[in-house]
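Throughout, protein chains are lettered first and strands after them, A, B, ... in sequence-line order, and every chain is numbered starting at 1. Values below: all heavy atoms of this structure, side chains included; hydrogens, waters and symmetry mates excluded.
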There are 2 protein chains.
Amino acid sequence: MARKTGKAATISDVAMKSGVSVGTVSRTLNAPDTVRPATLRRVRAIIDELGFQPDARAQNMRRRRTATVGFIVDDISNPLHAITFKAAEAELREHGYWLHLVNTEGKARQEADAIERLQHGRVDGLIMTINNEKDVQCRDRLAALRVPSVLLDREIELAIDAVLTDHAPGLFQATDYLLEIGHRRIALITAGPEIRPGRERVKGFVEAFGRRKLACPHELIRSQRLSPDFGFHEASSLMQGPDRPTAIIAGGNRILVGVLKAIQQQRIVIPDELSLVTCDSTDLTRLYPGPLTVVDRDIEDIGRTAAQLLLERLGDRHNAPARRILVSTRLILGGSCAPSPPG
Amino acid sequence: MARKTGKAATISDVAMKSGVSVGTVSRTLNAPDTVRPATLRRVRAIIDELGFQPDARAQNMRRRRTATVGFIVDDISNPLHAITFKAAEAELREHGYWLHLVNTEGKARQEADAIERLQHGRVDGLIMTINNEKDVQCRDRLAALRVPSVLLDREIELAIDAVLTDHAPGLFQATDYLLEIGHRRIALITAGPEIRPGRERVKGFVEAFGRRKLACPHELIRSQRLSPDFGFHEASSLMQGPDRPTAIIAGGNRILVGVLKAIQQQRIVIPDELSLVTCDSTDLTRLYPGPLTVVDRDIEDIGRTAAQLLLERLGDRHNAPARRILVSTRLILGGSCAPSPPG
DNA sequence: ACGCTTTTTGGAAACGTTTCTAAAAATCGG
DNA sequence: CCGATTTTTAGAAACGTTTCCAAAAAGCGT
């Protein structure tokens, strides 16, 4: 649309027109109980008449805060991130905060840049997930953080609040379930060791074999990246190999997309020819076309919790020690697993 | 994490330490070609040494802009919106803009509130979709818009730039295809007439029957809301009724989720017992478990285009007449339709 | 080395609020 | 109706930049 001509009314326009000082107008807005009722009415009438709204830029400047929180994520079209965002936003909105969303495409460069540049007067705090806990650019930025921050599912030996998922027990449970119904050649496709979910999932997987004193098929662990492409590639090669797995665990919802694509392409029937367990419920897992067996967690809770941690930091817990909140998972049985034929 | 102690360096700290005036430091940053090379080097060294970054709040205030664009949407966990957002963000980022994302849950109140409050110094422009074109709160706000804005798939008789999808031809094509392969009892479940996609889809649907001089089964048009619940409810009742449709068109990706749930629940086999066409490709339509037949469009293009429209407005086209860009659709045949058995 | 032009710089004003201090006005008890 | 007390108000400073203007410095041709 065309920009409205004419400048917006300022606080001094209001002051002028209602015959009081700008200070009084300001107090009318921010501390009405310090203003005489008669004055209050008069000033408010003028405010309405002029349609005055305080300029957020000036407020931010003077108050030294922006009432804005940055949310940095690699891919907002991942529904899990979107749900986390929504939950965090709802919580923060109640406390008067807006959200800056930055989509980094998982590029360390963009992540570091966003962390660096958001801090200097654009946001009062950050909620974020980064793509590589070891990346030196990001770590430097995180070490030099000037605003309260919360990490999502990432673990760094810096004093930063975090909301973490207890992936290892989840994967243990899923793997154990598959072992229980007779599978031995179980594959795991998941993130690499440079992020916590990758490490933890592998850990839980390995442990499930160990607990039963079974040899873990390390050659079936594909721990590298959380992308559909990686899922597709690994699932394809696993299923085309000589000694194919009888079950696959897709460690991540993006991985699942690739795995399903491979399954579709090779016309593999689930669960008859292959059992499938995935992580996190999505529309796809609920509807494909029967529900899949899933290691689930409460994503909204994660967003809400992150927001709460941040709000406490922004409030009176400025300097309290960093906290890590652990969110647990649970196995939900769907129709994508069948007992493995013996031998 | 704990807030860093010690204040951030300001421009005058830099000025002091490097023995020049603040003006010169400012020009070092914003107009280096007006500064003597020797001075430039000296000031830059101090900037690095102190790790000085200009305070965005002060810049926003003084420059009377925020380099931020608001993105208002009812549900960011809808992957279509998320993809639109990503594309718009990528485009805007290249031009130095950040994005404020507001998730309104489709509530007119929150929409109006966001429009109203973002404008006064939080953003330089808006990209948005609203839930009800007729809602008086929102319309008032839109009529009083003070920043350049772009509407996504909404049509309002105000001079506001918009990116619109040509839903009617898309639905015409889909319906015509179903008619062609023998279907007559075709149902359409889609948004209500209070938003453009609802109106346009119904229009294209009706027209397809008309063009073939066939009676349109108006009782099979369910045009109300773009939600999974609505899709589920309508699909369920349609498929349980006495004279059930042989084909359903899910007019919207959220609707599809509900429709598939109903299909799952009633164990209806696609395409043998029911042909299905949906709108917009998602992971679900590509993988369920064969690809669905879909009225597709280029979502990224929509986001990019919206960003470009806005950038032009923010640039030299301040007062140019409003533009509406039409994005077309195309029918992609999947495996979810089969010829209808005669009679 | 001089005056002229051009480049570079310092200093101050401005952006629109909030908040502090002190002064003015209102209230109150007698 | 007076003085003491409390409430309310005006006015100015401050937040950290950018930008304007005028002054200083540098460059240049002779």
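OP1 or OP2 of C:dG16 has not a single side-chain nitrogen or oxygen of A:Thr10 nearer than 4.0 Å. Taking 4.0 angstrom as the limit, A:Arg36 places a side-chain polar atom (N or O) nearer than this to OP1 or OP2 of D:dT9. Close to C:dG10, at under 4.0 Å from its OP1 or OP2, lies a side-chain N or O of B:Thr24. Between C:dT18 and A:Gln59, a contact under 4.0 Å exists linking OP1 or OP2 to a side-chain N or O.
Put simply, CZ on A:Arg63 is 7 Å from P on C:dT19, counting in whole angstrom units. In this structure, the CG atom of B:Asp55 is 13 Å from the C1' atom of D:dT18, given to the nearest Å. Rounding to whole angstrom units, CZ of residue A:Arg64 and C1' of D:dG16 are separated by 8 Å.
If you check every strand for non-hydrogen atoms under 4.0 Å, A:Arg27 touches a base. No engagement by B:Asn60 is indicated, since no non-hydrogen atom pair under 4.0 Å with the nucleic acid exists.
The neighbour count for A:Arg324 CZ, taken as heavy atoms of other residues, nucleotides or ligands under 6.0 Å away, is above 12. Surrounding CG of B:Asp316 are at most 12 heavy atoms belonging to other residues, nucleotides or ligands under 6.0 Å away.
Looking at which nucleotide of DNA chain C each of A:Pro54 and B:Gly19 is closest to, the 5′-most match is held by B:Gly19. If you find the closest nucleotide of DNA chain D to A:Ser21 and to B:Val25, the one lying nearer the 5' end belongs to A:Ser21.
Residue B:Leu99 comes nearest to A:His100 through the heavy atom pair O-ND1, 3.2 Å, listed as atom of the first residue, atom of the second, then distance.
Using a distance-only test at 3.5 Å, with no hydrogens or angles considered, a donor-acceptor pair links the side chain of B:Glu133 to the main chain of B:Arg196.
Here D:dT17 is the nucleotide among C:dT18, D:dT17, C:dG10 with the atom lying nearest to any side-chain atom of B:Ile11.
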